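Source: prediction; values computed, not measured. The first residue of the sequence shown is numbered 1, and numbering continues consecutively from there.
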Amino acid sequence: MIQAPIMSAYVWGAVILIVFFLVAVTASNMILYKPNNPGTAARKVWFWLCCLLAMVATFAIGVWKAGDISVPVTKQAFENHVYIATGVVFLAFILVGFAISKICSNSKLGTWF
């Protein structure tokens, strides 16, 4: 069986964070601004949906990768780091999203928060 190092849980989390953050940015920029309906609610929904999907994807890939580990102690340690990586992805997504929202306050991304 394949032995996955602990650090791969965080690498997968970082890759998934970047992918879903780019999806949130792209979706937010694709929502048209109309005078009577600025689309702020739709942009917020996309941001939080991508945040939740990033968490689920990080956890799912981590559990899938943990299934390849044959040593029980290593598997348990890897699973513990998958839980931590999932929490880190959630917090990082919110913090980076908040920072981008405040930096780009006059753009469509400024409506996330």
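Side-chain contact check for I100 versus F113: every heavy-atom pair is 4.5 Å or farther apart.
Residues F21 and F59 are members of separate hydrophobic clusters, defined by side-chain heavy-atom contacts under 4.5 angstrom among Ile, Leu, Val, Met, Phe, Trp and Tyr. F93 and V19 fall into different hydrophobic clusters, defined by Ile, Leu, Val, Met, Phe, Trp and Tyr side-chain heavy atoms under 4.5 Å apart, directly or through other members. Linking ILVMFWY residues whenever their side-chain heavy atoms come closer than 4.5 Å, directly or via other members, places V96 and F98 in the same cluster. Under the 4.5 Å side-chain contact rule for hydrophobic residues, V63 and M7 share a cluster.
Other residues sharing a hydrophobic cluster with L22 under the 4.5 Å side-chain heavy-atom criterion for ILVMFWY residues are I18. The hydrophobic cluster containing L95, built from Ile/Leu/Val/Met/Phe/Trp/Tyr side-chain heavy atoms closer than 4.5 Å, comprises no other residue.
Annotation: side chain to side chain contact (heavy atoms under 4.5 Å, CB included) contacts of S107 (sequence neighbours excluded): C104, L109.
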Distance-only check: which donor-acceptor pairs under 3.5 Å involve side-chain atoms of residues 40-56, not counting sequence neighbours?
| residue | atom | partner | partner atom | Å |
| --- | --- | --- | --- | --- |
| R43 | NE | S28 | O | 3.2 |
| R43 | NH1 | P38 | O | 2.7 |
| R43 | NH1 | G39 | O | 3.3 |
| R43 | NH2 | I31 | O | 3.0 |
| R43 | NH2 | P38 | O | 3.3 |

For residues 78-89, tabulate all N or O donor-acceptor pairs below 3.5 Å that involve a side-chain atom, not counting sequence neighbours.
| residue | atom | partner | partner atom | Å |
| --- | --- | --- | --- | --- |
| N80 | OD1 | Q76 | NE2 | 3.2 |
| N80 | ND2 | Q76 | O | 3.4 |
| H81 | ND1 | Y10 | OH | 2.7 |
| T86 | OG1 | V82 | O | 2.8 |

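Rounded to the nearest 0.5 angstrom, I16 CD1 and T58 OG1 are separated by 4.0 Å.
Residue-environment remark: CH2 (W112) exceeds the threshold of 12 foreign heavy atoms within 6.0 Å.
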